[in-house]
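These numbers were taken from a predicted model, which means no experiment stands behind them.
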Amino acid sequence: MREDFAHRLPKGLDPAAAAPLLCAGITVWEPLRALAVGPGARVAVVGLGGLGHLAVKLAVALGAETTVISRSADKSEDARRLGAADLLVSGDPQAMASSQGRFDVILDTVAVAHDLAPFLDLLALDGALAQLGYLGPVTIETTDLLIGRKKLTSGGSGGMEQTAQLLEFCAHHDVVADVEVLPSAQVEEALKRLARGDVRYRFVLDLSDLDGPG
């Protein structure tokens with residue numbers, strides 16, 4: 001039955017702000033749990049967008065020391081507002097070199113093809129890089145994994161049990177997505193703004209304007 005795939009919304013979670021948890025949220029939650037992220041873990045999140053901002057919030061709520069990795073320092077203020085302790089600029093060779101071996105887990109949420117080698121260099125011994133944003137083919141040098149016993153992994157599809165656990169965790173820790181709610185009639189505007197990257201960090205469409213009379 002279709003209702004078997006519905007989730008109870010825990011008390012206190014705003015439906016609009018909780019909606020992205022069922023996609024972006026579970027995408028970053030599953031590797032965080034699979035990699036046993038908790039207090040004392042050093043986590044980096046590459047990219048501060050729809051996936052990345054939730055990855056930061058969840059990693060912080062799990063007790064991890066969390067850093068955002070971004071191409072520039074433009075999102076430093078946002079990163080700290082979300083709970084990150086630091087922002088590492090990937091375009092700064094000196095900063096990247098001084099951060100080698102710094103992290104236990106890196107969640108890569110960048111949605112386009114890119115070189116993974118610089119991020120593998122940032123992992124500590126037995127560290128793991130979870131590739132979550134770009135789902136196409138990647139090429140790496142095996143020695144980038146061999147040196148330091150590093151792992152390249154991804155996230156699963158979530159599933160009912162994990163998603164229910166995520167929702168309960170988010171209700172307990174007051175974690176929701178940063179959303180902008182638009183009436184469904186503005187879907188074209190939302191898509192145009194999405195293409196421009198003009199969203200912080202998820203659009204949610206309110207379908208109540210589709211309700212007919214009576």
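- Here Glu168 does not pair with Lys11 in a salt bridge; the nearest charged N to carboxylate O distance is not below 4.0 Å.
- Taking every heavy atom of both residues into account, Gly158 and Glu30 meet most closely at N-OE1, 3.1 Å.
- The aromatic rings of His114 and Phe119 sit perpendicular, their planes meeting at an angle over 60°, well past the 30° parallel limit.
- Counting heavy atoms of neighbouring residues, nucleotides and ligands inside a 6.0 Å radius, atom CG of Asp174 does not exceed 12 of them.
- The closest donor-acceptor contact from the side chain of Asp209 to the backbone of Ala185 lies under 3.5 Å.
- One finds a salt bridge joining Asp86 and Arg102 here, because a Lys/Arg side-chain nitrogen approaches an Asp/Glu carboxylate oxygen to under 4.0 Å.
- The environment of His7 atom NE2 is dense: over 12 non-hydrogen atoms of other residues, nucleotides or ligands sit within 6.0 angstrom.
- Annotation: side chain of Cys170 is not in contact with side chain of Val176 (no heavy-atom distance under 4.5 Å).
- Two residues are said to be in side-chain contact when any heavy atoms from C-beta on lie closer than 4.5 Å; Leu132 and Pro31 meet this criterion.
- The closest donor-acceptor contact from the side chain of Asp178 to the backbone of Arg200 lies at 3.5 Å or more, if one exists at all.
- Taking 4.5 Å as the limit, some side-chain heavy atom of Tyr201 sits within range of a side-chain heavy atom of Leu48.
- Between Val28 and the options Leu58, Leu166, Leu21, Val56, a side-chain contact (heavy atoms from CB on, under 4.5 Å) holds for only Leu58.
- Between Thr163 and Leu22, the closest side-chain pair of non-hydrogen atoms falls below 4.5 Å.
- Under the 3.5 Å distance criterion, the side-chain polar atoms of Asp121 are left unmatched by any main-chain donor or acceptor of Gln100.
- For Thr67 (side chain) and Ala44 (main-chain N/O), no donor-acceptor pair under 3.5 Å exists by modelled atom type.
- In terms of modelled atom types and a separation under 3.5 Å, the side chain of Lys57 and the main chain of Leu82 share no donor-acceptor contact.
- Between the side chain of Thr66 and the backbone N or O of Ala84, no donor-acceptor pair lies under 3.5 Å.
- Around CZ of Arg80, the count of heavy atoms belonging to other residues, nucleotides or ligands within 6.0 Å exceeds 12.
- Asp78 has no carboxylate O lying under 4.0 Å from a charged side-chain N of Lys75, or vice versa, which leaves the two without a salt bridge.
- Side-chain atoms of Glu180 do not come within 3.5 Å of backbone N or O of Phe203 as any donor-acceptor pair.
- Checked by atom type and distance alone, the side chain of Ser76 never pairs as donor or acceptor with a backbone atom of Asp74 at under 3.5 Å.
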